[in-house]
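What follows is a short report on a single structure.
Residue numbering restarts at 1 for every chain, and letters A, B, ... go by the order of the sequence lines. Hydrogens, waters and symmetry mates play no part in the numbers below; they use all other heavy atoms, side chains included. Just so we're clear, the structure is a prediction, and the values are computed from it rather than from any experiment.
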Protein chains: 2
Amino acid sequence: MAGDMAFELPAKCDRCVVRHKAICGALSENELKDLNRIARQRRIPTGQVIAADSDIVFANILDGVVKLTKTLSDGRQQIVGLQFPPDFLGRIYAKESPYFAEAATDVELCAFPKDGFERMLRQYPDLEHRLFENTLDELDSAREWMLLLGRKTARERVASLLLMIARRAPDVGCTHTPEIRFSRFSLPLTRADLADYLGLTLETVSRQITNLKKEGVIELVDNREIIVPDVDILEDVAGN
Amino acid sequence: MAGDMAFELPAKCDRCVVRHKAICGALSENELKDLNRIARQRRIPTGQVIAADSDIVFANILDGVVKLTKTLSDGRQQIVGLQFPPDFLGRIYAKESPYFAEAATDVELCAFPKDGFERMLRQYPDLEHRLFENTLDELDSAREWMLLLGRKTARERVASLLLMIARRAPDVGCTHTPEIRFSRFSLPLTRADLADYLGLTLETVSRQITNLKKEGVIELVDNREIIVPDVDILEDVAGN
DNA sequence: TCGCGCATTTGATACAAGTCAATGATTACA
DNA sequence: TGTAATCATTGACTTGTATCAAATGCGCGA
């Protein structure tokens, strides 16, 4: 144990599934060692809250899906962001998190303490730059979703979401190349979560899914496992 | 003319209305001179497109309101962002603008050429940091708006928008301190724009405004000029 | 001052999605 | 192996907002 330093590192970057795709890709070997020193792996079960209010967590998502939610005082809820590996999680430079972060599935994180991480941001401009580019992309996605929430029909919303998940979720042994326009994936969300993300009720989501199934746009292996025989058709249904 | 260098500067920062509040606040005197050298003031009339697709503009907004819009192929439109002075305008680090930027009112910009500005970003990390913080705030607002678009009623949406404009729009000689909860402002948008921002039709917006008027939550001086006798009440109506 | 064009309001009706309620399917656990 | 718990589907009905269609108000230029 004492002889093998690697085992004592809290997270082993060289074997990390996400090493080059996450924000860590912005760092040199030595800088990475620095970051590694303050990193700690955490496992979060489905449904558990990861960050709320002043309890902010910074982390890379190694596995699973995290939903960011906002809620009105009477309980109406909206998912305002979905994060997959290798996304970075956490609202930096803020005292309070403007949303709740909750595990939509079992989640594995590579987490960093707030102070240490913000110190590193100041120290390594490349790291901050990387995070900045991430944030710009997130803003683009949020605005894309505003178009969906403001203007798309229930049918188009459901199709758009399936499309988004087909593109972003880790592939479940699917063929999904530019030519063969076929996709198979498993939904990381319940119908209620889908509804909260789409600004609909769970019944409407269910009805739209059965409609798409009847029309052959999608096939259901089971409630969570979905096959898209022709992604082009799904794209048509999604609108844009 | 030749003797007075100040007149030859394209934008005169020392007299700039926005000098300390805009991203320029992140720069020292000398750095500011650098930025000033590439800046050019531009006046844009209502309705004109400022940025679309690969034609990206970077600028500080000095006066007026800019709307960022996205449109579906069949013409359905959604405003995905509203920008007031001293906001920074432009999607940096991208080849294509993911939305249209259009002047909602007559607009005055302090514009920077793309290449020169991105060079300065790399040169002055403080400038990039400032822009990063802006972007994080914009992301928070976008997500706030997702909650509105996904879950609020027409009535709540209209109230929320009035509230937002009361807070952000440059005050039109209004009392608006924490104690005296009274506000007067002029809407920088047509009913159609309001509708596009709220994910509603212009008729619905109009009806909701007349309802709020009948109930005394707001008063209309004319179609564009609005008085809020008690902001607390408007906040109640807005939901949250 | 007239009349044109545009923005806004108002009304009647249609429809998409919400609500309420029951049933079915799947998993988990005792 | 049954039984509860969770998740999803389906149905009947309601409702908020959209749609379609006038009507009104208002600014602006001739």
Side-chain angles (χ1 to χ4, degrees), chain A residues 45-48 67 72 74-78 103-106 148-162 186-215 218-226 237 239, chain B residues 45-47 67 72 74-78 104-106 148-162 186-215 218-226 237 239:
Chain A
T46 304
Q48 189 170 306
K67 55 182 180 176
L72 297 173
D74 63 0
R76 281 173 288 172
Q77 196 174 63
Q78 177 68 39
T105 64
D106 289 347
L148 177 146
L149 292 172
R151 293 304 183 198
K152 288 193 177 178
T153 64
R155 179 184 168 80
E156 291 169 330
R157 293 185 201 200
V158 170
S160 302
L161 178 51
L162 293 177
S186 98
L187 278 176
L189 301 173
T190 65
R191 297 290 186 267
D193 283 336
L194 298 179
D196 282 348
Y197 199 22
L198 296 172
L200 299 169
T201 58
L202 107 198
E203 293 95 328
T204 299
V205 170
S206 178
R207 282 186 245 268
Q208 296 302 333
I209 287 179
T210 48
N211 284 348
L212 293 175
K213 190 175 63 180
K214 278 178 193 160
E215 297 166 25
I218 59 173
E219 291 162 33
L220 301 198
V221 180
D222 63 40
N223 279 333
R224 292 297 193 93
E225 194 78 13
I226 292 190
V237 176
Chain B
T46 305
K67 56 181 180 177
L72 296 173
D74 62 1
R76 281 174 287 172
Q77 197 174 61
Q78 176 68 40
T105 65
D106 288 348
L148 177 147
L149 292 172
R151 293 304 183 197
K152 286 192 178 180
T153 64
R155 178 183 168 81
E156 291 169 329
R157 293 185 201 199
V158 170
S160 302
L161 180 49
L162 293 178
S186 97
L187 278 176
L189 302 172
T190 65
R191 298 290 186 267
D193 282 336
L194 298 179
D196 281 350
Y197 199 22
L198 296 172
L200 300 169
T201 58
L202 106 194
E203 293 96 328
T204 298
V205 170
S206 176
R207 281 186 244 270
Q208 296 301 332
I209 287 178
T210 49
N211 285 348
L212 293 176
K213 190 175 61 180
K214 279 178 194 161
E215 297 167 25
I218 60 173
E219 290 162 33
L220 301 197
V221 180
D222 63 38
N223 279 332
R224 292 297 192 93
E225 194 77 13
I226 291 189
V237 177

Worked verdict on A/K67 versus A/D196 for salt bridge (charged side-chain N to carboxylate O under 4.0 Å, His left out): CA-CA 10 Å; A/K67 55 182 180 176; A/D196 282 348; 5.8 Å; no
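- Side chain of A/N223, nearest nucleotide from C/dG11, C/dG18, D/dA8: D/dA8.
- When the salt bridge (Lys or Arg N to Asp or Glu O under 4.0 Å) test is applied to B/R191, no partner is found at least two apart in sequence or on another chain.
- At a non-hydrogen distance threshold of 4.0 Å, A/R191 from residues 191-202 of chain A come into contact with DNA chain D.
- As judged by a 4.0 angstrom heavy-atom cut-off over every strand, B/S206 is placed among the base-contacting residues.
- Heavy atoms of B/R224 sit under 4.0 angstrom from primed sugar atoms or phosphate atoms, though from no base atom.
- Comparing the start and finish of the helix from C/dT1-D/dA30 to C/dA30-D/dT1, five pairs each, the helix axis swings through 30°, to the nearest 10 degrees.
- Side-chain atoms of B/R155 and base atoms of D/dG16 include no donor and acceptor less than 3.5 Å apart.
- For B/R207 and D/dT19, a side-chain-to-base donor-acceptor distance below 3.5 Å is present, hydrogens and geometry of angles not being considered.
- Contact annotation: B/T210 reaches the phosphate of C/dT10 (side-chain N/O to OP1 or OP2, under 4.0 Å).
- Remark on DNA chain C: of its neighbouring residues A/E203 and A/T153, the 5'-side contact belongs to A/T153, judged by nearest-heavy-atom nucleotide.
- Taking all atoms of both residues into account, the shortest heavy-atom contact from B/K213 to B/L220 is CD-CG, 3.7 Å.
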